[in-house]
Every structure is written in structure tokens, then in C-alpha cells.
> 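Mind having a look at this structure? Questions to follow.
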Amino acid sequence: MRLINLELNGFKSFAKKTSLEFGNSVVSIVGPNGSGKSNVVEAFRFVLGEQSMKSMRGKQGADLIFKGSKNLPKGTKASVTIYFDNSDKVFKLGNDEGENMNLNFETISISREVYADGRNIYILNGSEVRLKDINALLASVNIGSSGHHIISQGEADRVLNASPRERKEMVEDALGLKVYQYKIKEADRKLERTNINMKEVVMLRRENAPHLAYLKRQVEKVEKMKELRVELLGFYREYLKKESVYLEHEKTILKDEKHKVSSELSSLNSALADKFENGPNTENAKLEELKKVESSIANVRRLKGEIERKLGRIEGMIEAEAIRAERAPEVVAISQSEMKEIVDEVNALLNDAFLKEDVGEIKDILNRIKESLKRFSQSKDNNKNENRSEIENLRKTQLEVSLELQKLQREEDKLSSEIVKIKQDISQEIEEGRDKEREKFTLKVRQQELTSALDLINVKEENLAREN
């Protein structure tokens with residue numbers, strides 16, 4: 001007997017982990033109704049891959065999980081593990097290539113777990129596998145999830161009353177033909193998929209036929225291109241050989257021309273440096289001298305203008321003193337402070353008179369004003385002598401200023417003559433400088449032409465170097 005052990009955990013009424021040992025060939029499980037005897041048989045069906053929930057008295061995978069009781073909580077999954085003896089290495093498992101391989105394990109353990117969402121997991125010796133692998137493994141030792149191996153209560157009549165077809169399936173299962181039936185079904189599915197793939201390939205070939213024709217034409221063009229490339233390579237080599245000779249000849253010509261232009265340019269630069277850059281700049285010196293003389297004459301003219309204005313003021317003062325001397329009898333000389341004092345006093349007395357209403361008081365105020373005005377006639381004789389002395393001092397100052405003005409006039413005339421001479425010298429030097437500038441311009445133009453020619457030669461040499 002190959003069956004060793006059966007473990008149930010959370011499966012139907014087995015809330016806790018329960019292990020059933022099968023040490024003898026014949027084992028009996030007895031107990032009252034409702035104790036879970038049928039659940040053990042359904043556990044065998046479950047772990048061996050039964051897919052019909054009806055045969056396990058349920059509607060969905062969640063119905064196989066422990067529902068809970070007063071003392072125990074509801075389970076989250078149900079698992080059943082069965083152990084088989086494989087000491088003779090009789091259990092075999094097929095690979096993807098259809099070859100059967102013996103499992104090198106002393107004990108084969110098959111587990112199946114179901115979760116509340118209906119998801120099932122199959123585990124073979126600790127590794128998750130497919131239901132297909134479990135069926136192939138059991139078929140290798142003539143064990144099935146249903147059929148004559150597991151006869152539940154009330155199913156004996158089903159064996160006796162089975163149809164010829166069902167009996168044939170039972171016999172084939174007992175003879176170990178189930179594994180071959182699985183292989184036939186798998187081969188039929190693969191053959192069907194192959195036929196579908198062949199049809200798709202035919203359709204793809206039909207669709208790709210125009211593209212293949214286009215690619216064929218492209219291949220012909222590529223081959224033609226390779227031939228033309230070889231031919232072009234020969235022409236190109238011949239062209240490069242001739243081009244190399246031509247470039248060497250051009251390099252020699254450019255080298256001679258560059259040497260000639262460089263020599264002429266060097267001579268021209270030396271001439272420009274000797275003639276125009278090393279000589280003294282007399283024109284600038286003359287201009288500086290002219291600026292100094294013009295600055296001096298400007299200062300002389302400024303002083304002359306000031307003296308002329310001063311002389312005019314003195315003449316005006318002399319004329320004013322003469323007029324004042326003629327009118328001396330009628331004019332009373334009085335200082336400005338005395339005049340202001342008299343005016344303020346008269347104004348104050350007049351203001352008081354306007355405020356008075358008594359005629360006697362007003363007459364007294366008018367008499368006081370009269371006395372104040374008599375002061376103008378007291379300094380008449382003194383003013384005559386003072387006017388004569390002032391006029392003589394002014395005439396003396398006028399003579400001194402006139403002599404200084406004549407001196408400045410002579411200095412101005414001298415500076416003007418000097419400016420005229422300097423301007424004549426500058427004009428002559430400018431004329432000479434224009435001749436030099438014309439010559440310098442001509443040399444500069446030639447220098448620019450030679451420089452451009454030298455740059456052009458350098459560019460040609462760079463192009464020849466790149467072409468090499």
C-alpha cells in the first residue's frame with residue numbers, strides 16, 4: 001500500500017490540523033452520523049484534483065473552508081496534504097517535451113489549498129505546480145481523482161449500473177491508461193494550436209508576398225550598387241592619383257607666389273615704418289604752440305576788456321562829478337544814513353499828523369518837519385571842495401588806466417603777428433603732410449592688397465592640405 005498519511009487543516013469540519021495515519025492495507029473509519037466520515041472521503045477527492053464541487057457537496061471553493069463555531073473562529077483557507085510511499089521510485093512526472101522522469105523522493109507529498117476567493121494552489125513536495133502535473137503524476141501509478149478508486153456512500157449502485165462507456169473508462173483507469181489519455185488530449189490540443197498557427201502562417205505569407213517581392217527588388221538593387229561601388233572605387237583611385245599630381249604642382253606655385261608676396265610686404269612695412277612712423281611730428285608741436293599763443297592773446301584781450309570797462313566807469317564818474325560840481329548850490333550833500341534818518345523822522349511825523357484832529361497840534365508837527373528839512377542846506381560849502389579833489393583823483397586814475405591799456409594793445413598786436421606766422425608755418429606743413437599722406441595712402445593700399453593676396457594663398461594651401 002502506497003498511502004501513508006493524510007493531513008487536513010481547516011477543511012470543512014476539521015478546524016484544527018488533523019493527521020490520519022494509514023499503516024495497514026485495510027483501514028476503517030467509524031463514527032456516528034455527522035462526525036465527518038464523509039468529509040474524509042471528500043478530502044481524498046479534493047487533494048487528488050477533483051473539480052466537481054457537487055461531488056464534494058458544495059457550490060464553490062469557499063464552501064470547503066471551516067465556517068467557525070462557538071469556540072473556534074472562521075478559517076481563511078482549507079488545505080489537505082496526502083503522502084505516498086515512493087521508495088521504489090515509481091512516481092513519474094512528464095516534462096514539456098513529453099518525457100517521463102522518475103521523482104527521486106522517498107515520500108511524495110501532494111497538497112491542495114483553497115482560499116475564500118476560490119483560488120486553488122497545488123503543491124508537490126513543497127513546490128507549487130499545475131493541476132495538469134498532479135493528474136499526470138497520479139496517472140503514472142493508476143490513481144485518479146474519481147472513478148472506482150473512491151466509492152462514496154450510495155455510489156456502489158453507480159458502478160453496477162454504469163454504462164458500457166463508463167465501465168470502459170473505469171477499466172482504462174485501472175489498467176493505467178489514464179496517463180496516455182491525458183497525453184492524447186494534450187497532443188490534440190497542441191495539434192489544434194499547430195493547425196491554427198499554420199493557418200496564420202499561410203495568411204501571413206499571403207500578406208507578406210508583395211513585401212517579399214519588393215525586398216527581392218531591393219536586394220537586386222543592393223547587389224547592383226555593390227558592383228557600381230567597386231567600379232566607382234577604381235575610378236576614384238585613378239582620379240586621386242591624378243589629383244595628387246595636380247595638388248603638388250599647385251602647392252609649388254603657391255609657395256613661390258607666397259614667398260614673393262611676403263618679401264614685397266616686408267619691404268613695404270619697412271618703408272612705411274622708416275618714412276612715416278619714425279620722423280618727428282612737427283605739425284603737432286606747431287599746433288601746441290599755436291594753442292599756447294591763442295590762449296595768451298585771449299587772456300590779454302580779456303584784461304584789455306576789463307581795463308576798457310574800468311576806464312569807461314572812471315570817465316562816467318568824472319562826468320558825474322563835474323555835473324554835480326556845477327549844481328552844487330542847489331544840491332545838499334548828505335550821507336545815506338542821514339537821509340534815511342530824516343526820511344523816517346518826516347514819515348513818522350506825518351503819520352502822527354494824520355491821526356491828530358486838533359489844528360494846533362498839526363501845526364506843531366509841521367514846524368518840526370520844517371526844522372528837519374533845514375539840514376539839507378548846512379553842508380553846501382564843504383561839497384565844493386570835496387568835488388574838486390575827487391575829480392583830480394579820477395583824472396589821475398584815468399591816465400594810469402589809459403597807459404596800461406596802451407601796453408596791452410601793443411602786446412596783443414605782437415601776439416597777433418606771432419599767430420599769423422605760426423598759421424603760415426602750419427599751412428605749409430599741412431600741405432607737405434598731404435603729399436606724404438597721399439604717398440602713405442598709396443603704400444597702405446598696396447599693403448592691403450598684398451595682405452589679402454597672402455591670406456588667399458594661405459586659404460588655398462589649407463584647401464590643398466585637406467584635399468590631400
> Heavy atoms, side chains only, cut-off 4.5 Å: are V222 and K224 in contact?
no
> Can you tell me how far CD of E21 sits from CD of E7, rounded to the nearest 0.5 angstrom?
8.0 Å
> Can you tell me how far apart CG (L131) and CG (N135) are? Round to the nearest 0.5 Å.
4.5 Å
> Are I196 and K199 packed together at the side-chain level, in the sense that at least one heavy-atom pair is separated by less than 4.5 angstrom?
no
> Looking only at atom types and distance, does a side-chain atom of T252 sit under 3.5 Å from a main-chain N or O of E248, one as donor and one as acceptor?
yes
> Can you see which heavy atom on S13 is nearest to which on G36, and at what distance?
OG-CA, 4.2 Å
> Using a strict 4.0 Å threshold on nitrogen-to-oxygen distance, state whether E220 and R217 make a salt bridge.
no
> Taking the side chain as C-beta and beyond, is there a heavy-atom pair between L20 and L8 under 4.5 Å?
yes
> Please check if the side chain of R45 supplies one atom and the backbone of E50 the other of a donor-acceptor pair under 3.5 Å.
no
> Enter the distance from E200:CD to M203:CE here, rounded to the nearest 0.5 Å.
7.5 Å
> Do other residues, nucleotides or ligands put more than 12 heavy atoms under 6.0 Å from the CD atom of Q218?
yes
> Are more than 12 heavy atoms from other residues, nucleotides or ligands located less than 6.0 Å from atom NZ of K37?
yes
> One pair to check against side chain to side chain contact (heavy atoms under 4.5 Å, CB included): E306 and L303. What are the steps and the verdict?
CA-CA 5 Å; E306 292 178 359; L303 293 174; 4.0 Å; yes
> For the CZ atom of F14 and the OG atom of S79, what is their distance to the nearest 0.5 Å?
12.5 Å
> Go through the side-chain N and O atoms of E238 and Y236 and say whether any donor and acceptor fall under 3.5 Å apart.
no
> To check you understand the geometry: which heavy-atom pair defines the closest contact between F46 and R112, and what is its length?
O-NH1, 2.8 Å
> Of all residues at least two apart in sequence or in a different chain, which pass the side chain to side chain contact (heavy atoms under 4.5 Å, CB included) check with K89?
N86, N104, E106
> Please examine the side chains of N9 and T18, heavy atoms only from C-beta on, and report whether any two atoms are closer than 4.5 Å.
no
> Please report the interatomic distance CZ(F22) to CD1(I29), rounded to the nearest 0.5 Å.
5.0 Å
> Just by modelled atom types, is the S296 backbone N or O under 3.5 Å from a matching donor or acceptor in the N299 side chain?
no
> Could you go through I110 and L137, starting from their C-alpha distance and side-chain angles, then the distance that decides it, and tell me whether this counts as side chain to side chain contact (heavy atoms under 4.5 Å, CB included)?
CA-CA 10 Å; I110 300 173; L137 179 68; 4.0 Å; yes
> Check step by step if side chain to side chain contact (heavy atoms under 4.5 Å, CB included) holds for I134 and V129.
CA-CA 8 Å; I134 299 296; V129 295; 3.7 Å; yes
> Can you tell me how far apart CE (M225) and NZ (K221) are? Round to the nearest 0.5 Å.
11.5 Å
> Give the table of side-chain donor-acceptor pairs shorter than 3.5 Å for residues 56-78, with sequence neighbours excluded, one pair per line with atom names and distance.
from : atom 1 : to  : atom 2 : distance (Å)
R57  : NE     : E42 : OE2    : 2.3
R57  : NH2    : N39 : OD1    : 2.9
R57  : NH2    : E42 : OE1    : 3.4
R57  : NH2    : E42 : OE2    : 3.1
D63  : OD2    : K59 : N      : 2.9
D63  : OD2    : Q60 : N      : 3.1
K67  : NZ     : A62 : O      : 3.0
S69  : OG     : L72 : N      : 3.2

> Start with the C-alpha distance between L3 and F44, add both sets of side-chain angles, then the distance that settles side chain to side chain contact (heavy atoms under 4.5 Å, CB included), and finish with yes or no.
CA-CA 11 Å; L3 182 59; F44 278 106; 3.7 Å; yes
> Are the side chains of F84 and I4 in contact, using a 4.5 Å heavy-atom criterion?
no
> Looking at K258, is its backbone amide N or carbonyl O close enough to the side chain of S262 to form a donor-acceptor pair, meaning the two atoms are under 3.5 Å apart?
yes
> With side chains defined as the heavy atoms from C-beta onward, is the minimum distance between L6 and T81 less than 4.5 Å?
no
> Start with the C-alpha gap between R410 and D413, add the side-chain angles, then the distance that decides, and say whether salt bridge (Lys or Arg N to Asp or Glu O under 4.0 Å) holds.
CA-CA 5 Å; R410 289 192 300 271; D413 294 340; over 6 Å; no
> State whether the side chain of S263 and the backbone N or O of H259 hold a donor-acceptor pair below 3.5 Å, judged by distance alone.
yes
> Can you name the residues that form a salt bridge (charged side-chain N to carboxylate O under 4.0 Å, His left out) with E411, not counting sequence neighbours?
none
> Would you check if the side chain of N125 reaches a backbone N or O of S109 as a donor-acceptor pair within less than 3.5 Å?
yes
> Using a distance-only test with no angle check, is there a side-chain donor-acceptor pair under 3.5 angstrom linking S19 and N5?
yes
> Side-chain contact, heavy-atom cut-off 4.5 Å: R205 with N208?
no
> Would a 4.5 Å heavy-atom cut-off, applied to side chains only, mark R193 and K190 as touching?
yes
